[in-house]
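Structure first, commentary second.
Position 1 is the first residue of the sequence, and the numbers go up from there. Counting convention: from 1, in listed order, for ligands and their atoms alike.
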Amino acid sequence: MSFSFIQITDHHLRESETLLTRGYSTAHAFRAVLRHIAQNWADRIDFIVSTGDLVDGGTDAEYQHVRQMLGITAASHAPGPQRVTIEGLREMPMCFLPGNHDSRAVFYRNMFSSDEPRDFMNVAFTHKDVQFVCLDWGGENKAIVYPEMLAQLSRARESNAPTIIWMHHAITPIGIPRIDSFLPNDLGAFQKAIRNKNILGIFHGHFHATYESRIEGVPVFGLRSTTFSFAPDGDTVLLVLRPPHYRVVHVKDGKLSTEIVEVLL
Ligand SMILES: [Fe+2]
């Protein structure tokens, strides 16, 4: 069992490539990241995952535009993979998780029309003997421990396979009080649900920042967005531009390692 995949996150794409967000082209950054992946990793990874905030406003028009950009024509079940063809990627399998900017009903009907729209996207699949679990902490800025998510974790515990968790929301502090206020109030039930399981790592977005921490001994990996990131400015939060990151994840002989790649725009 040996393979690699790439995580990207928080693209905040608009309904047209010519639309700028505060003067910044989220579409240009998204394309640059995918082009970099195509040129450097396409033949060495099994798939790409986006951990949410695919679009900014959560409208049908935005998703339709994203599908067009990515050359997605087929219907699919959540979380994919969909086949994407863009910037040198050819039919690359890609999974999608919703973030707090992705209204679940609109996200489902545009991205995963093979499924009935759901309020939460808690799903799992197995790839090369590794169980992948997608957890949904809800559609708000603040992460909430919903029963549906705990039920998904409980189903996942039935398998002894090494497990990787993908989700949008962050669960460990980054040190910026305003941003850390989005952490869940009580992680007790979540911690109990992952305790003593063979979880190789937890991968998330939301805080738009690359950082690492641990919870219950499990490594937790945050990732910088392809759009703005946040910097502390006293009690407020400053929007700042930094080069986007993507994370390459290698799974080999039941062990996990990752590397960060920075893409200059
Ligand atoms: Fe975001």
Side-chain angles (χ1 to χ4, degrees), residues 6-15 17 19-34 48-59 61-63 65-66 69-70 79 94-108 110-111 120-121 134-144 149 165-184 202-213 220-233 236-247 260 262-263 265:
I6 285 177
Q7 180 201 4
I8 56 176
T9 200
D10 291 81
H11 320 303
H12 293 264
L13 295 164
R14 308 282 299 276
E15 65 191 55
E17 292 204 36
L19 286 174
L20 304 178
T21 303
R22 297 168 193 254
Y24 179 77
S25 171
T26 54
H28 171 77
F30 185 62
R31 283 188 177 279
V33 167
L34 292 174
I48 298 171
V49 57
S50 163
T51 46
D53 286 358
L54 181 58
V55 302
D56 201 51
T59 64
E62 287 174 331
Y63 290 109
H65 178 242
V66 169
M69 274 179 84
L70 291 168
M94 185 164 173
C95 295
F96 299 90
L97 273 69
N100 52 298
H101 282 251
D102 298 293
S103 156
R104 299 297 182 271
V106 189
F107 177 82
Y108 258 100
N110 286 283
M111 300 305 291
F120 304 99
M121 201 190 94
C134 307
L135 298 181
D136 193 336
W137 299 74
E140 301 297 323
N141 246 332
K142 186 172 179 67
I144 293 174
M149 186 192 77
I165 294 177
W166 289 339
M167 55 200 205
H168 179 69
H169 285 82
I171 52 170
T172 56
I174 192 167
I176 306 174
R178 173 82 185 109
I179 299 290
D180 286 340
S181 73
F182 302 148
L183 292 169
I202 299 173
F203 295 87
H204 67 83
H206 193 39
F207 281 5
H208 293 199
T210 298
Y211 69 113
E212 291 186 33
S213 52
V220 183
F221 301 96
L223 180 62
R224 188 182 293 174
S225 57
T226 62
T227 183
F228 302 98
S229 37
F230 309 117
D233 179 33
T236 62
V237 173
L238 207 57
L239 290 180
V240 290
L241 281 177
R242 300 183 173 108
H245 283 174
Y246 61 86
R247 189 182 290 276
I260 287 293
E262 187 165 281
V263 180
L265 297 177

Closest to the Fe ion (ligand 1), among the N/O/S atoms of Asp10, is atom OD2
Sorted by chain and number, sequence neighbours left out, side chain to side chain donor-acceptor pair (under 3.5 Å) with Asp233 holds for none
* Asked: So, for Phe228 and Tyr24, is the gap between ring centers shorter than 6.0 Å?
  -> yes
Among N, O or S atoms, Asp53 approaches the Fe ion (ligand 1) most closely through OD2
- Taking only Lys NZ, Arg NE, NH1 and NH2, and the carboxylate oxygens of Asp or Glu, determine whether Asp136 and Arg104 approach each other closer than 4.0 Å. yes
Atom name of the N, O or S atom of His12 nearest to the Fe ion (ligand 1) is NE2
Residue set satisfying side chain to side chain donor-acceptor pair (under 3.5 Å) with His12, at least two apart, ordered chain then number -> Asp53, Asp56, His208
N/O/S of His206 less than 2.8 Å from the Fe ion (ligand 1)?
no
